[in-house]
Amino acid sequence: MATIKPFVCVRPNAQAADKVAALPYDVYNREEAYEAVKGNDLSFLRIDRAETQFEPSVDTYDERVYDKAKELLDGMIEDGTFITDRDECYYIYELTMDGRTQTGLVACASIDDYADNIIKKHENTRADKEADRIHHVDTCDAQTGPIFLAYRANETIRSIMDKVKKGQTLYSFTSDDGIRHQVWKIGKPEDIEAIRSEFEKTDSIYIADGHHRAASAVKVGFKRREENPDYKGDEEFNFFLSVLFADEELMIMPYNRVVKDLNGHSPVEFLDLIGKSFVVEKLGSQPYAPTEKGTIGMYLNEEWYRLTAKEEIRSKEPVEGLDVSLLQNNILSPVLGIGDPRVDKRIDFIGGIRGLKELERRCSLDMTVAFSMYPTSIQELFAVSDAGLLMPPKSTWFEPKLRSGLFIHKLS
């Protein structure tokens, strides 16, 4: 039984929404974050990455950075840039990219559901990455970036959202990257109760993206419980900000790989070695993106190849059967010597949104071989999570990215 509850939302006023909305904090390095906030004093990135308000000599994790984030957030609430709705509501957040639309429900999920594995994970988190967001959420007393959750499609929830979408939007704007963002409020008590009830019948919800943000929000919640031993369980710190998408709404893009060298092998030796596990077909100069599971594109010496996994290396196991696992277990590790791609400096990962030309560019610049992947499916993600297993790093790339700053959940 999942607890997905409405909440009192802090959100930008209608005139400011398009200027406030910002890509997630973790898509930028520090230099890119500085550039992104230039000329836009309302960008939420100024709060999510408050080091942009200091000279580069100030450490990203300096205490003053978190204090500045709280100061900026409080100031934008006080001056009316952000308004606070009066009632607990759900919201609809719809994103349209390249003519394709996905529609999510903005709500709060339970930290207990996370701890009890009703909200399921498919990635490990790193303590150092968690620590920054724990400090940010705790200092700001607010969750500012929603967690991207997925659930199996539900006709009742879909029909309510379709009905509400026929009404007036709260926001409707197109961001600089061409993505249209629209928001509606679900405020009728009968609709709210129906949605809440449907999720109570749901036994599994899945983290699609945002594992570190989710873990951080949960840890802040349990910290607040320790600080408030008489807590009742309905306090806001017991819940974390989320946008939930039905599985049928989502598109996962591939997460491609580039490798610096051939681990001492000549190109001929390398092709012979991978030919033990894959059928290797030379395709020429035309970029190749796999069109079916079990195939991988490869770019080497300015030529593209199609690699088709031989039957003996295929698997029906949730993790071992993933295409990224086929690549890791049969090429990257045994042939190229990349045992742990999370720490090996010889490999880099390229989100599918960057396209195949980016793989060619990297191979002309600083890499030797590139691999274009068939995307992991949402059902594969569910299967791995249901089995209590973990995906290899960089298995999924979701687009479009949810914007931060459109919905804020205050903890007290």
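Since the model is a prediction, treat every value here as computed from it, not as a measurement.
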Problem set entry | SB check Arg225 Asp112 (cutoff 4.0 Å) | yes
Exercise. In terms of side-chain geometry, is the basic nitrogen of Glu226 or Lys223 positioned less than 4.0 Å from the acidic oxygen of its partner?
Worked result: no
For this session: Please answer whether the main-chain N or O of Ala153 pairs with a side-chain N or O of Glu249 as donor and acceptor at a distance below 3.5 Å.
Result: no
For this session: Could you tell me whether the side chain of Asn154 and the main chain of Ile157 form a donor-acceptor pair under 3.5 Å?
Result: yes
Problem set entry | Cation over ring face, Arg133 and Tyr25, 6.0 Å, 45° | yes
For this session: Pick out which of His211, Lys219, His212 makes a side-chain hydrogen bond (donor to acceptor under 3.5 Å, both in side chains) with Glu130.
Result: Lys219
For this session: Considering only NZ, NE, NH1 and NH2 on the basic side and carboxylate oxygens on the acidic side, decide whether Asp348 and Lys260 come within less than 4.0 Å.
Result: no
For this session: Please state whether the rings of Phe245 and Phe148 are parallel, tilted or perpendicular, taking 30° and 60° as the class boundaries.
Result: tilted
Problem set entry | Sole candidate of Gln286, Glu360, Glu281 that passes side-chain hydrogen bond (donor to acceptor under 3.5 Å, both in side chains) when paired with Trp304 | Glu360
Exercise. Phe173 vs His181 aromatic rings, parallel, tilted or perpendicular, using cut-offs 30° and 60°?
Worked result: parallel
For this session: Please report the closest heavy-atom contact between Val20 and Gly405, naming both atoms and the distance.
Result: CG1-O, 3.7 Å
For this session: Hey, could you give me the CD/CD distance between Gln328 and Glu320, rounded to the nearest 0.5 Å?
Result: 10.5 Å
Exercise. Is there a donor-acceptor contact under 3.5 Å from the side chain of Ser242 to the main chain of Phe240?
Worked result: yes
For this session: Applying salt bridge (charged side-chain N to carboxylate O under 4.0 Å, His left out), run through Lys19 and Asp41 and close with a yes or a no.
Result: CA-CA 8 Å; Lys19 302 176 187 66; Asp41 289 341; over 6 Å; no
Exercise. With a 3.5 Å cut-off and no angle check, do the side chains of Tyr91 and Asp85 form a donor-acceptor pair?
Worked result: yes
For this session: For the pair Asp113 (side chain) and Thr3 (backbone), establish whether a donor and an acceptor sit closer than 3.5 Å, ignoring hydrogens and angles.
Result: yes
Exercise. Between the side chain of Asn13 and the main-chain N/O of Gly80, is any donor-acceptor distance below 3.5 Å?
Worked result: yes
Exercise. Is Asp386 salt-bridged to Arg152, going by a charged N under 4.0 Å from an acidic O?
Worked result: yes
Problem set entry | Audit row: Leu244, Phe199, side chain to side chain contact (heavy atoms under 4.5 Å, CB included) steps and yes/no | CA-CA 11 Å; Leu244 299 98; Phe199 278 113; 4.1 Å; yes
Problem set entry | Closest non-hydrogen atom pair between Arg257 and Met373, with its separation | CD-CG, 4.4 Å
For this session: Identify the two heavy atoms, one from Ala214 and one from Ile147, that lie closest to each other, and give their separation to 0.1 Å.
Result: N-CD1, 3.4 Å
Exercise. When you measure from the side chain of Asp344 to the backbone N and O of Arg346, does any donor-acceptor pair fall under 3.5 Å?
Worked result: yes
Exercise. Quick check: does any side chain N or O of Ser385 sit under 3.5 Å from a backbone N or O of Leu381, one acting as donor and the other as acceptor?
Worked result: yes
Exercise. Between Asp18 and Tyr171, is any side-chain donor less than 3.5 angstrom from a side-chain acceptor?
Worked result: no
Exercise. Going through the distances and angles, do Thr52 and Leu45 end up as a side chain to side chain contact (heavy atoms under 4.5 Å, CB included)?
Worked result: CA-CA 9 Å; Thr52 58; Leu45 192 61; 5.5 Å; no
Problem set entry | Test log, rule salt bridge (charged side-chain N to carboxylate O under 4.0 Å, His left out), inputs Lys70 and Asp141 | CA-CA 8 Å; Lys70 176 176 172 53; Asp141 194 36; over 6 Å; no
Problem set entry | Of Asn330, Val279, Ile331, the residue whose pairing with Leu307 passes side chain to side chain contact (heavy atoms under 4.5 Å, CB included) | Ile331
For this session: Before accepting this row, confirm whether a basic side-chain N of the pair Asp26/Lys129 lies closer than 4.0 Å to the acidic partner's carboxylate O.
Result: no
Exercise. With respect to Tyr34, which candidate in Arg30, Lys38, Glu32 satisfies the side-chain hydrogen bond (donor to acceptor under 3.5 Å, both in side chains) definition?
Worked result: Arg30
Seminar exercise, completed: So CG of Leu356 and CD1 of Ile350: to nearest 0.5 Å the spacing works out to 11.5 Å
For this session: Can you measure from OG1 (Thr139) to CG (Asp67) and round to the nearest 0.5 angstrom?
Result: 6.5 Å
Exercise. Looking at Tyr114, is Lys121 sitting on its ring face, NZ or CZ under 6.0 Å from the six-membered ring centre and within 45 degrees of the normal?
Worked result: yes
Exercise. Is Asp261 reaching over with its side chain to a backbone N or O of Asn263, donor-acceptor style, under 3.5 angstrom?
Worked result: yes
For this session: Begin from the C-alpha positions of Glu94 and Lys165 and carry the test salt bridge (charged side-chain N to carboxylate O under 4.0 Å, His left out) through to its verdict.
Result: CA-CA 9 Å; Glu94 185 170 275; Lys165 282 166 55 179; 2.5 Å; yes
For this session: Walk me through it: do Glu71 and Arg64 pass the test salt bridge (charged side-chain N to carboxylate O under 4.0 Å, His left out)?
Result: CA-CA 10 Å; Glu71 175 192 320; Arg64 291 172 290 174; over 6 Å; no
Problem set entry | Which residues share a side chain to side chain donor-acceptor pair (under 3.5 Å) with Asp366, sequence neighbours left out | Arg362
Problem set entry | Phe398 CZ to Asp209 CG distance, which is reported to the nearest 0.5 Å | 6.5 Å
Problem set entry | Distance (rounded to the nearest 0.5 Å) between Leu326 CG and Thr308 OG1 | 11.5 Å
Exercise. Can you tell me if Tyr93 uses its side chain to pair, donor with acceptor, with the backbone of Arg403 under 3.5 Å?
Worked result: yes
Seminar exercise, completed: Note: Met251 and Arg100 closest approach over all heavy atoms is N-NH2, 3.2 Å
Problem set entry | Derivation of the side chain to side chain contact (heavy atoms under 4.5 Å, CB included) call for Phe278 and Ile313 | CA-CA 9 Å; Phe278 294 85; Ile313 70 166; 3.8 Å; yes
Seminar exercise, completed: Shortest non-hydrogen pair, Gln143 vs Leu241, comes out as OE1-N, 2.9 Å
Exercise. Is the gap between the ring centers of Phe7 and Phe239 under 6.0 Å?
Worked result: no
Exercise. When rounded to the nearest 0.5 angstrom, what distance separates CG in Leu95 from NZ in Lys401?
Worked result: 11.5 Å
Exercise. If you take all heavy atoms of Phe371 and Leu359, which pair is closest and at what distance?
Worked result: O-CD1, 4.0 Å
Exercise. Using 4.0 Å as the upper bound for N to carboxylate O, is an ion pair formed by Glu200 and Arg196?
Worked result: no
Exercise. Is there a donor-acceptor pair under 3.5 Å between the side chain of Arg306 and the backbone N or O of Tyr288?
Worked result: no
Problem set entry | Pair Lys410 + Glu236: basic N to acidic O under 4.0 Å | no
